[in-house]
Protein chains: 2
Amino acid sequence: MAERKYRELIEQLKTAGLRPTRQRLALGRLLYGENGDIERHVTAEQLHAEAMSAGVRVSLATVYNTLHQFTEAKLLREVVVEPGRSYFDTNVDDHHHFYFEQSGRLQDIPSEELELKSMPEPPTGGRIRRVDVILRVDEDG
Amino acid sequence: MAERKYRELIEQLKTAGLRPTRQRLALGRLLYGENGDIERHVTAEQLHAEAMSAGVRVSLATVYNTLHQFTEAKLLREVVVEPGRSYFDTNVDDHHHFYFEQSGRLQDIPSEELELKSMPEPPTGGRIRRVDVILRVDEDG
DNA sequence: TCAATGGCCTAGAATTTTTCTAATTCCAGT
DNA sequence: ACTGGAATTAGAAAAATTCTAGGCCATTGA
């Protein structure tokens, strides 16, 4: 990971009130590092496995905690596609997703490519915090 | 539940290749019965509790199995709102949802009230099996 | 600089949600 | 009714997620 990105991550953590601990930096590096430009959709399990093979000793629980803290801090976005399968997306800009049911793969749809004609008002008067659109794609059958 | 609806349920089960067993009929009655017109969004846990207080002896596992079979048979639709929280919706027509994060409540949005401007093609060439839109509403904060 | 303090962080344990599979039940065809 | 065999049920196991006690690490004051 570029030195600049690394410093950036530390700053983002601090801003979010999260100490830049060894574990968080290691996971952050795995998430955004090396090829930090490409969109990533990882499960907690996958990231934990990555950490293991990278020689980073963290428990799965810490991976979950960290992913949720990152999500809270708007460094990640959580996408729930199926019961018992949620992904964390390194792309936090407004966008949507294709979900390929057979392979379990997720792919971003830029917000320009999928817009809503109109947005209904919440009946109870709250405000809409987020719009999640998932296009479920059947690749074979 | 009206006698007509009951017979209808039996027919739907048979058509789906599901035997009209005591448990399935009981759960079907709980889902569609009495006030079978109003939209319902139940979790497996909730339905199990209902069955219990109605004196129907089924295990939670059977409730899960039955809900998934009903979903497979297009008698229900599953909506995943959070990791570890999925609802089964008695409304199987095209429509979308408001999700109220504080209360955990789900509410239907008729498809006329929320339409997409355009539908992007799946890059891998499969076909879009379903479009899920969830508007996440924050009621207070 | 060093020790004490207190809040934050970690990960084992527990919980919750979901699925699997052996045993049972049920139905169709005698 | 009885039997064969597939379908169904639910206890047990697995998978996913969360909780919390204990440990660690900054910060402060000496």
Side-chain angles (χ1 to χ4, degrees), chain A residues 9-30 41-52 54-73 75-88 101 104 106, chain B residues 9-28 30 41-52 55-73 75-88 101 104 106:
Chain A
L9 176 61
I10 292 179
E11 273 321 303
Q12 286 176 318
L13 289 178
K14 282 188 177 167
T15 304
L18 297 170
R19 289 187 196 161
T21 62
R22 195 158 2 90
Q23 284 86 340
R24 286 186 184 144
L25 289 173
L27 294 179
R29 166 175 269 155
L30 287 173
H41 302 102
V42 295
T43 64
E45 195 71 49
Q46 283 167 8
L47 186 60
H48 183 240
E50 277 188 42
M52 284 325 199
V56 180
R57 284 179 59 261
V58 281
S59 73
L60 182 55
T62 295
V63 174
Y64 268 105
N65 289 341
T66 303
L67 287 173
H68 286 144
Q69 287 157 350
F70 281 20
T71 302
E72 192 67 25
L75 299 176
L76 287 176
R77 172 172 166 176
E78 188 168 8
V79 186
V80 190
V81 291
E82 282 178 22
R85 185 170 225 158
S86 61
Y87 286 96
F88 292 87
E101 315 225 59
L106 206 60
Chain B
L9 176 60
I10 292 180
E11 274 320 304
Q12 286 177 317
L13 289 178
K14 282 188 177 166
T15 303
L18 297 170
R19 290 188 197 162
T21 62
R22 193 160 1 93
Q23 283 85 341
R24 286 187 184 145
L25 289 173
L27 293 179
L30 286 173
H41 304 100
V42 295
T43 64
E45 194 70 48
Q46 283 167 7
L47 186 59
H48 182 241
E50 277 188 42
M52 285 325 200
V56 180
R57 285 179 60 260
V58 282
S59 72
L60 181 56
T62 296
V63 173
Y64 268 104
N65 288 340
T66 303
L67 287 173
H68 285 145
Q69 287 155 351
F70 281 20
T71 302
E72 192 68 26
L75 300 176
L76 287 176
R77 171 172 166 177
E78 188 169 8
V79 185
V80 190
V81 291
E82 283 178 21
R85 185 171 224 160
S86 61
Y87 286 95
F88 292 87
E101 313 225 59
L106 207 59

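Throughout, a chain's letter reflects where its sequence line sits, starting with A, and its residues are numbered from 1.
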Atom CG of B:Leu47 and atom CE of B:Met52: how far apart are they, to the nearest 0.5 Å? 11.0 Å
If you compare every side-chain N and O of A:Thr62 against the phosphate oxygens of C:dA11 (OP1, OP2), does one of them come in below 4.0 Å? yes
Rounded to the nearest Å, what distance is computed from the CG atom of residue A:Leu60 to the P atom of nucleotide C:dG12? 11 Å
Closest heavy-atom pair, A:Tyr87 versus A:Gln46, reported as atoms and distance to 0.1 Å, is CE2-NE2, 4.4 Å
Got a sec? Which of residues 78-88 of chain B come in under 4.0 Å of DNA chain C, heavy atoms? B:Gly84, B:Ser86
Which residues satisfy the side chain to side chain contact (heavy atoms under 4.5 Å, CB included) test with A:Val56, sequence neighbours excluded? A:Ala26, A:Ala51, A:Ala54, A:Val58
Could you list where the contact with chain A starts and ends along DNA chain D, reading 5' to 3', using a 4.0 Å heavy-atom cut-off? D:dA16 to D:dC25
Sub-3.5 Å pairs of nitrogen or oxygen atoms, protein against nucleotides 20-30 of chain C:
{"from": "C:dC26", "atom 1": "OP1", "to": "B:Arg22", "atom 2": "NH2", "distance (Å)": "2.9"}

Quick test of your reading: applying side-chain hydrogen bond (donor to acceptor under 3.5 Å, both in side chains), list the pairs with at least one residue in residues 59-72 of chain B, sequence neighbours left out, ordered by first then second residue. B:Arg24-B:Gln69, B:Ser59-B:Thr62
Quickly work out the A:Arg57 CZ to C:dA11 C1' distance and round it to whole Å. 10 Å
For the side-chain contact (heavy atoms from CB on, under 4.5 Å) test, which of B:Val79, B:Leu67, B:Val80, B:Thr43 pairs with B:Ser86? B:Val80
Which heavy atom of B:Leu60 sits nearest a heavy atom of B:Ala44, and at what distance? CD1-O, 3.9 Å
With side chain to side chain contact (heavy atoms under 4.5 Å, CB included) as the test, would you mind laying out the steps for B:Lys14 and B:Ile10 before giving the verdict? CA-CA 6 Å; B:Lys14 282 188 177 166; B:Ile10 292 180; 4.2 Å; yes
Report the distance from atom NE2 of A:His41 to atom CG of A:Leu76, rounding to the nearest 0.5 Å. 11.0 Å
Quick check: on DNA chain C, is the nucleotide nearest B:Ala44 upstream (toward 5') of the one nearest A:Arg24, or the reverse? Name the residue that is more 5'. A:Arg24
Looking at CZ of A:Arg22 and CZ of A:Arg57, how far apart are the two atoms once the value is rounded to the nearest 0.5 Å? 9.0 Å
To the nearest angstrom, the OH-C1' distance between A:Tyr64 and C:dT16 comes to 12 Å
Holding to side chain to side chain contact (heavy atoms under 4.5 Å, CB included), I want the full list of residues that pass it with B:Glu82, two or more places apart in sequence or in another chain. B:Arg85, B:Tyr99
Nearest whole angstrom, please: distance from the P of C:dT18 to the NE2 of B:His68. 7 Å
From CZ of A:Phe70 across to C1' of C:dC9 the rounded distance in Å is 13 Å
